[in-house]
Amino acid sequence: MSYADTLFIQMCRDILDNGTSTEGEKVRPHWEDGSSAYTIKKFGVVNRYDLSKEFPALTLRKTAIKSATDELLWIWQQKSNNVNELHSHIWDEWADESGSIGKAYGYQMGVKHQYKEGMFDQVDRVIYDLKNNPFSRRIMTNIYVHQDLHEMNLYPCAYSMTFNVTQKKGDDKLTLNAILNQRSQDVLTANNWNVCQYAVLVHMLAQVCDMQVGELVHVIADAHIYDRHVPLVEELISREPHPAPKFWLNPEIRDFYQFTRDDVKLIDYETGPQITNIPVAI
């Protein structure tokens with residue numbers, strides 16, 4: 001069984017058995033039929049994944065690694081806020097007639113800021129510091145920009161990454177670790193999607209900065225299961241897990257801006273059947 005499966009099953013079981021319900025409360029999300037979308041939630045869920053041991057893809061069902069990587073690169077590499085530049089349609093609900101989601105996600109990654117060393121956007125600053133100041137405790141991104149929230153079609157859920165470099169005894173290369181901070185997460189639809197995305201990001205940054213991968217720590221302030229998702233989650237976590245897949249990243253790429261979704265693969269990825277027609281709260 002993969003460690004990602006173990007963590008996911010434990011997390012879902014804890015939410016379902018020990019979480020609190022928002023039923024009857026004033027909530028923003030709703031279903032397509034207009035009824036309120038209530039959740040069972042846990043506050044402050046923290047999951048740790050050692051990327052040096054295995055890649056954290058669920059085997060209970062398939063996570064589409066190329067599509068997840070495509071969205072990650074849309075934000076972090078293209079720094080785009082236009083859904084027409086994505087290969088999938090996961091953001092269509094929040095796009096305007098031109099395809100824009102407003103000053104959200106990739107838009108914030110592309111904004112340049114003044115530093116002592118010059119002008120950088122947040123991605124380029126991370127890469128600069130990892131190469132030049134790897135032991136800095138200030139290597140981070142934040143796209144939850146309050147002054148622009150009113151121009152975002154969706155407030156960022158996964159909003160901050162903090163990178164931390166360590167030196168393991170006996171290792172020639174430094175180790176890249178990261179913390180993903182998320183204010184809110186729909187566990188069924190998005191949990192492993194986000195975990196895999198940011199695991200890929202750590203692998204990519206480690207490779208271009210000549211480091212090895214370490215831990216990815218995922219901090220979720222509000223980890224929730226929607227009321228209409230409960231039977232789906234119960235069935236999912238009752239499945240028999242499989243061994244973790246092997247992760248392949250194109251070793252020829254040394255420039256972060258040269259990666260494509262085709263430069264990642266999951267090898268020997270055996271999974272349970274996909275869950276289809278999941279209702280999505282909006």
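If you're wondering where the values come from, they're calculated on a predicted model, not measured in any experiment.
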- Would you say D172 has more than 12 foreign heavy atoms packed within less than 6.0 Å of its CG? no
Just by distance, with hydrogens left out, do N181 and T162 show a side-chain donor and acceptor under 3.5 Å apart? no
Interatomic distance, CD1@I139 vs CD1@I127, rounded to 0.5 Å, equals 11.5 Å
Notebook entry, point to check: Under 3.5 Å, side chain of D5 to main-chain N/O of T59, donor-acceptor pair present?
Noted result: yes
Ring pair (Phe, Tyr, Trp, His ring centres under 6.0 Å) with F247: of F55, Y49, Y269, only one passes, and it is F55
Notebook entry, point to check: Do N47 and M11 have side-chain heavy atoms sitting under 4.5 Å apart?
Noted result: yes
Is it the case that D33 and S35 place a side-chain donor and acceptor less than 3.5 Å from each other? yes
Pair D70 + K66: basic N to acidic O under 4.0 Å = no
Hey, do the aromatic rings of Y226 and W31 have their centres closer than 6.0 Å? yes
query = Quick one: does D121's side chain have a donor or acceptor within less than 3.5 Å of a partner on D124's backbone?
reply = yes
### Message
A quick test of your reading: do over 12 heavy atoms of other residues, nucleotides or ligands sit less than 6.0 Å from CZ of R254?
### Response
yes
field: Flag side-chain contact, heavy atom, 4.5 Å: I275 against L236
entry: yes
Would R125 and Y115 count as a cation-pi pair here, with the cationic atom under 6.0 angstrom from the ring centre and within 45° of the axis? yes
Checklist entry - Quick one: are I9 and L60 in side-chain contact, heavy atoms under 4.5 Å? => result yes
Rounded to the nearest 0.5 Å, the OG1 atom of T189 sits from the CD1 atom of I90 at a distance of 10.0 Å
Output for pair (Y198 OH, L205 CG), nearest 0.5 Å, gives 11.0 Å
- With a cut-off of 6.0 Å (strictly less than), are more than 12 heavy atoms of other residues, nucleotides or ligands near CD of E32? no
**Side-chain H-bond candidate by donor/acceptor type, N192 with T63, under 3.5 Å** = yes
Please determine whether the number of non-hydrogen atoms from other residues, nucleotides or ligands lying under 6.0 Å from atom CD of E235 exceeds 12. yes
Measure from the side-chain N and O atoms of D96 to the backbone N and O of S100, and report whether any donor-acceptor pair falls under 3.5 Å. yes
query: Is the number of heavy atoms from other residues, nucleotides or ligands under 6.0 Å of Y257 OH greater than 12?
result: yes
Judged by atom type as modelled, is there a donor-acceptor pair below 3.5 Å linking the side chain of H224 to the main-chain atoms of Q185? yes
task: State yes or no: do I15 and V46 share one hydrophobic cluster built from I, L, V, M, F, W and Y residues joined by side-chain heavy-atom distances below 4.5 Å, directly or via other members?
output: no
Quiz item: Would you say the side chain of M204 lies within less than 4.5 Å of the side chain of L73, judging by non-hydrogen atoms?
Solution: yes
Practice prompt. Look only at the side chain of D171 and the backbone of K173, and say whether a donor-acceptor pair between them is shorter than 3.5 Å.
Written response: no
- prompt: Do side-chain atoms of E93 reach the backbone of I282 as a donor and acceptor pair under 3.5 angstrom?
  reply: no
Give a yes or no answer on whether the side chain of S80 reaches the backbone of G106 with a donor-acceptor pair at less than 3.5 Å.
-> no
| Any chance NZ of K246 has more than 12 other-residue heavy atoms, nucleotides or ligands included, within less than 6.0 Å? | no
Inset, instruction - Using atom types as modelled and distance alone, determine if a side-chain donor or acceptor of N81 lies under 3.5 Å from a backbone N or O of G102. - result: yes
Self-check item: Check: S98 main-chain N/O paired with N82 side-chain donor or acceptor under 3.5 Å
Solution: yes
- Message: Given 3.5 Å as the limit, does a donor-acceptor pair link the side chain of Q108 with the main chain of Q122, or not?
- Response: no
Quiz item: What do the steps show when you test R13 against E234 for salt bridge (charged side-chain N to carboxylate O under 4.0 Å, His left out), and what is the final call?
Solution: CA-CA 8 Å; R13 191 74 267 156; E234 289 280 13; 3.0 Å; yes
Contacts satisfying ring pair (Phe, Tyr, Trp, His ring centres under 6.0 Å) that involve residues 84-104 (not counting sequence neighbours) are W74-W91, W91-W94, W91-Y105
Min side-chain heavy-atom separation R61-T271 under 4.5 Å
no
Smallest heavy-atom separation, I237 atom then C12 atom, equals CG2-CB, 3.9 Å
Between V123 and W76, the two heavy atoms sitting closest are CG2-O, 3.3 Å
For V213 and A206 the tightest heavy-atom approach is CG1-CB, 3.8 Å
All heavy atoms of P273 vs all of R239, minimum pair found to be O-NH1, 2.5 Å
The reported gap from OG in S160 to CE in M140 (rounded to nearest 0.5 angstrom) is 4.0 Å
Distance col, row I179:CD1 vs F163:CZ, nearest 0.5 angstrom, shows 10.5 Å
Are side-chain heavy atoms of V202 and L176 found at a separation under 4.5 Å? yes
Report task. State whether the number of non-hydrogen atoms from other residues, nucleotides or ligands found under 6.0 Å of K41 atom NZ is greater than 12. Result -> no
